[in-house]
Engineer: 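Sharing a structure with you now.
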Amino acid sequence: MKKKQSKSSAAERKTEVLTSLRNFGASLYSQMEKGNFPWIKMPSRSIDNIFYSPEFRQYVLGEKTVRRSARNIRHIRPFSQLVWAAYFAQELVRHRKTSTLRDVYYSAQAYDVPFKDQPESNSIITDLETVAGFSREECNVFPEERSAIFGDLTIEYTVPGYEGKQYNLMSHPDGVMIGPALTSAEFVKTTADKLIAIEKGGLFTRFIEEQVHKKFNSLLVLTAGQAPRATRHFIRRLNKELNLPVYIFTDGDPWGMHIAMVIISGSANAAHLRDLTTPDAKWSGVWATDIVDYKLPSVALTDVDIKRLNELQKDPRYEGELWQREVKKFLKIKRKAEQEAFSRYGLTYIVDKYLPAKLEEAA
Amino acid sequence: MVTFEMISPADFFYRNRDIAGFTNPARAIFSSVRELVENSLDASDQSRVPSEIYIRLSNDGEESSEEADVYKLRVEDNGSGIPPRHIPSAFGQVLFGSKYKLKQARGTFGLGGTMAILYGQITTHKPVDVASSTGTTRIHRYKLMIDIQKNRPVILDSKIQVNKNRWRGTMVEFCLEGDYPRAMAKIVEYLKQTAVVTPYANITFVDPKGRLYKFNRVTSKMPRPPKETLPHPHGVDVETVRRLIQITKCRNMIDFMKTHFHRIGEKISHNFLKFAGIDEKKDPRKLEPDEIVKLVRMMKKFEGFRSPDASCLSPLGEDLLKAGILKELEPEFIAVCQRRPSTYSGHPFILETAIAYGGNVPRKDDIVLYRFANRIPLLYDEASGVSWRIIKSINWRKYKVKPDMPVAIMVHLCSTKVPYKTVGKEFIADRPEVKAEILNGIREVARQLQRFLSKREYREKERRRLAAFSKYLPKIAKFSTELSGKEKEPDIRKLLWSVRKFEEETE
């Protein structure tokens with residue numbers, strides 16, 4: 001049985017977030033105290049300032065910065081909204097409350113710093129992430145959750161009312177939702193030695209039924225399509241803190257491929273953030289090669305699929321040999337297949353034959 | 001077999017009443033009101049007394065056809081009055097009038113008033129009632145009809161009354177067929193626009209339903225009256241010269257030119273005759289027909305004449321135009337402009353323009369245009385007029401005018417000869433000289449509107465800017481204080497003050 005790696009990584013993070021927010025406020029405060037208009041400098045998130053960093057194996061922001069000043073009539077409103085958002089985040093973290101992007105939009109009205117619409121509100125939250133250097137989830141602002149985890153992992157809650165309470169993630173056969181309570185929990189212990197991430201709910205349930213967690217000594221994570229940022233961060237923590245290798249199973253098409261890639265190397269939209277990626281995670285299937293090798297029932301690629309593949313081929317994150325090979329293969333066979341296609345060989349084939357083969361191949 | 005006959009002027013207009021604006025019952029009633037009101041206004045301009053005009057239109061009841069009712073129209077004024085001996089002809093004879101002289105007047109043909117009476121007579125077969133006094137001890141009353149075939153008044157009855165109050169003016173009353181419900185909007189609009197260009201007039205109108213419309217004067221100042229003038233050599237034709245030759249007392253060409261034409265002295269007369277190759281000593285009475293034609297042609301060609309002076313014109317003037325617009329439209333902003341006198345084909349003209357914004361200016365999807373010529377409103381065929389086409393050719397965005405803004409433009413053309421395109425006096429033709437003046441006049445006032453709009457836009461922007469700072473800076477201060485855990489909020493009064501100061505500097 002493995003011991004938890006860091007004593008209290010979630011609590012530490014919380015302190016860091018609070019410090020960062022306080023420093024942000026203090027710097028504005030001292031600017032005003034000196035009789036100056038408060039201003040901030042932050043990295044620009046415009047397209048021409050987003051670069052792929054081979055070192056971090058993710059997108060990062062370049063040198064360009066933008067200056068926002070309360071002196072500027074065009075900035076004063078978004079500036080106030082940003083300071084308010086920081087204040088709001090501080091309140092949330094301090095009182096251990098969570099909220100959603102929609103909540104943020106409405107809450108602003110109570111403080112008379114209303115947002116024009118949801119996109120404006122979302123963009124201010126992204127500004128806050130950029131300035132503070134933390135993702136909104138760490139500021140307790142969450143999107144709608146839909147991903148889940150199952151397996152032998154004992155966690156200890158830190159959310160109000162559950163502090164110190166321990167819970168084993170095998171306790172519920174449908175899996176446990178990866179929500180604010182779970183992502184802020186500390187890892188206590190696990191018997192698992194790997195993590196398998198699955199794109200679709202059907203297969204996630206099949207894996208639990210077929211005891212994949214036992215047979216392969218694994219934690220199972222349902223990404224439910226593109227993995228939410230909280231889930232990506234959570235996978236990273238499991239990988240880093242518990243040293244669990246990560247294997248990702250998606251549909252055999254450009255979109256499934258990219259779900260895996262975002263878990264591994266992140267997205268351009270999150271270039272201002274770190275700690276959302278798991279660079280060592282592996283995409284284990286379904287590959288284009290698998291469609292051929294396993295003679296999977298497949299359908300023809302659409303024009304949109306082909307266009308997407310051409311884009312991916314040029315994407316710096318796809319430079320790796322495996323990725324280039326599979327993209328080319330897809331383009332060559334012009335077919336795609338879903339994870340469920342393995343049911344053609346019986347419901348358990350994927351667990352009995354395919355999964356062991358792929359895990360062996362990856363290891 | 002072809003038969004030939006001669007018809008009288010009255011007969012001619014009886015047969016062609018369309019060209020004088022009596023096309024249909026609605027138009028006829030509008031034209032009747034308009035012609036009589038214009039005669040009244042001219043009459044009071046002559047007597048230099050601020051106009052009092054009373055118009056009453058009442059249902060005559062008894063007969064009415066499908067599309068038209070019979071109305072009784074009465075128009076009363078405090079004008080100069082008509083000398084008794086002229087009264088029958090002034091109302092009972094077409095093309096008899098006092099307005100054939102070379103000076104600006106509303107009417108020009110001596111046709112309109114009589115035409116209205118003629119129309120009344122042919123639709124109702126009733127006589128016209130006229131009373132007039134030039135302010136003597138007597139009032140002369142006539143009951144008249146027109147002998148259309150002979151173009152002669154037929155006096156049915158005449159009376160002389162004692163003028164106890166020394167009333168001066170004219171009253172006309174007659175019956176006519178018309179369609180008031182359909183003409184109502186135009187008549188009211190006509191009177192309203194008349195009130196704009198005649199701010200010194202009291203106009204009262206009682207309509208057939210007993211509704212009272214009153215347009216009150218805001219000033220007793222009247223525009224300078226026009227002086228009668230000699231014809232400008234650029235504007236005369238062969239017939240004019242022929243008539244002059246018949247009456248002239250001059251015995252040589254030098255004197256002839258100096259005496260009968262506008263702004264010609266010894267030197268110009270000499271230069272011109274040399275240019276035209278006409279003997280200075282020639283007796284004008286002995287000019288041969290081909291010499292007259294040559295003289296007229298040379299007069300048109302010669303460029304050494306002085307341009308006509310504008311004393312024969314009577315523009316409203318910037319102050320009166322402003323007063324008229326302010327009273328009828330109560331705009332937020334107004335700019336008026338009187339252009340310097342100019343000429344086309346030897347006819348002097350002066351152009352006046354105004355622009356009004358906001359207040360009671362109607363908010364249409366376009367600019368509202370008010371057209372005036374010799375102080376009468378032009379209401380029909382707006383799109384055919386030169387002014388409208390000029391307005392359409394202007395890039396209004398340059399002047400910060402947006403289509404939904406309440407903007408009205410007035411164009412007033414004064415001339416001894418307004419270049420109407422039709423007899424109906426409805427719209428002005430495209431004369432390059434006139435067109436250029438209209439364009440420049442509109443531009444001039446539009447520039448002033450632009451300055452007003454820019455200033456207002458700037459002030460509004462400034463107000464919003466300050467409001468934003470005073471709303472948001474305190475919030476930044478408050479939230480920063482909370483974030484940093486400080487107890488006292490930073491003092492931002494100086495910052496707020498500095499934005500204000502900035503505003504003062506830029507103003």
Engineer: Would you mind reporting whether B/Arg464 and A/Ile73 have side-chain heavy atoms less than 4.5 Å apart?
Structural biologist: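 SC-SC contact between A/Ile73 and B/Arg464 ruled out.
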
Engineer: Just checking B/Arg493: does its CZ atom have more than 12 heavy atoms from other residues, nucleotides or ligands closer to it than 6.0 angstrom?
Structural biologist: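 Result for CZ/B/Arg493: open.
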
Engineer: Of all the heavy-atom pairs spanning B/Ser484 and A/Gly25, show the shortest one and how long it is.
Structural biologist: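 Heavy-atom minimum between the residues: CB-C, 3.7 Å.
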
Engineer: Checking B/Lys494 against chain A: side chain, backbone, both or neither under 4.5 Å from a heavy atom?
Structural biologist: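 Looking at B/Lys494, nothing touches chain A.
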
Engineer: Drop me the distance from B/Glu482's CD to A/Arg94's CZ, to the nearest 0.5 angstrom.
Structural biologist: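 Going from CD on B/Glu482 over to CZ on A/Arg94, the span is 7.5 Å.
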
Engineer: Relative to chain B, which of A/Asp112, A/Val113, A/Leu18 shows the most heavy atom pairs under 4.5 Å?
Structural biologist: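 Top count of heavy-atom pairs under 4.5 Å with chain B: A/Asp112.
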
Engineer: Taking atom CD as the centre, does A/Glu63 end up with more than 12 heavy-atom neighbours from other residues, nucleotides or ligands that are less than 6.0 angstrom away?
Structural biologist: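 Incorrect, the count does not exceed 12.
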
Engineer: Hey, could you give me the CZ/CG distance between A/Phe37 and B/Leu495, rounded to the nearest 0.5 Å?
Structural biologist: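 Here the interatomic distance stands at 4.5 Å.
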
Engineer: Take A/Phe88 and B/Phe479 through the side-chain contact (heavy atoms from CB on, under 4.5 Å) test and state the conclusion after the steps.
Structural biologist: CA-CA 9 Å; A/Phe88 187 69; B/Phe479 296 132; over 6 Å; no

Engineer: Answer with side chain, backbone, both or neither: which region of B/Ile492 has an atom nearer than 4.5 Å to a non-hydrogen atom of chain A?
Structural biologist: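 For B/Ile492, side-chain heavy atoms alone lie under 4.5 Å from chain A.
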
Engineer: Is it the backbone or the side chain of A/Asn23 that comes under 4.5 Å from a heavy atom of chain B, or both, or neither?
Structural biologist: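 A/Asn23 has no heavy atom closer than 4.5 Å to chain B.
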
Engineer: When rounded to the nearest 0.5 angstrom, what is the spacing between OH in A/Tyr29 and CD in B/Glu489?
Structural biologist: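 The OH atom of A/Tyr29 sits 8.0 Å away from the CD atom of B/Glu489.
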
Engineer: Is it true that atom NZ of B/Lys327 has more than 12 heavy atoms of other residues, nucleotides or ligands lying nearer than 6.0 Å?
Structural biologist: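 Enclosed: over 12 neighbouring heavy atoms sit under 6.0 Å from NZ of B/Lys327.
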
Engineer: Measuring from atom CD of A/Glu33 to atom OG of B/Ser480, what distance do you get when rounded to the nearest 0.5 angstrom?
Structural biologist: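 It comes to 11.5 Å.
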
Engineer: Just wondering, do A/Arg22 and B/Leu483 contact through their side chains at under 4.5 Å, heavy atoms?
Structural biologist: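 No, too far: nothing below the 4.5 Å cut-off.
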
Engineer: Starting from the C-alpha separation in whole Å, work towards a yes-or-no answer on side-chain contact (heavy atoms from CB on, under 4.5 Å) for B/Lys475 and A/Trp84.
Structural biologist: CA-CA 8 Å; B/Lys475 290 195 188 294; A/Trp84 170 79; over 6 Å; no

Engineer: Measuring from atom CD1 of A/Ile76 to atom CD1 of B/Ile476, what distance do you get when rounded to the nearest 0.5 angstrom?
Structural biologist: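 Atom-to-atom, A/Ile76:CD1 and B/Ile476:CD1 are 4.5 Å apart.
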
Engineer: Looking at B/Lys486, I want to see if its NZ is surrounded by more than 12 non-hydrogen atoms of other residues, nucleotides or ligands under 6.0 Å.
Structural biologist: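 Count over threshold, so yes.
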
Engineer: Using a 6.0 Å cut-off, check whether atom CZ of A/Phe51 has over 12 heavy atoms from anything other than its own residue.
Structural biologist: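 It does: A/Phe51 CZ has more than 12 such atoms within range.
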
Engineer: Can you tell which of A/Ala26, A/Ala89, A/Pro38 has the highest number of heavy-atom pairs within less than 4.5 Å of chain B?
Structural biologist: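 Ranked by heavy-atom pairs under 4.5 Å with chain B, first place is A/Ala26.
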
Engineer: Would you compute the distance between atom NZ of B/Lys478 and atom OG of A/Ser80 and round it to the nearest 0.5 angstrom?
Structural biologist: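 Interatomic distance, B/Lys478 NZ to A/Ser80 OG, rounded to 0.5 Å: 12.0 Å.
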
Engineer: If you draw a 6.0 Å radius around CZ in B/Arg211, do more than 12 non-hydrogen atoms from other residues or ligands fall strictly inside?
Structural biologist: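 For B/Arg211, atom CZ is crowded (more than 12 foreign heavy atoms under 6.0 Å).
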
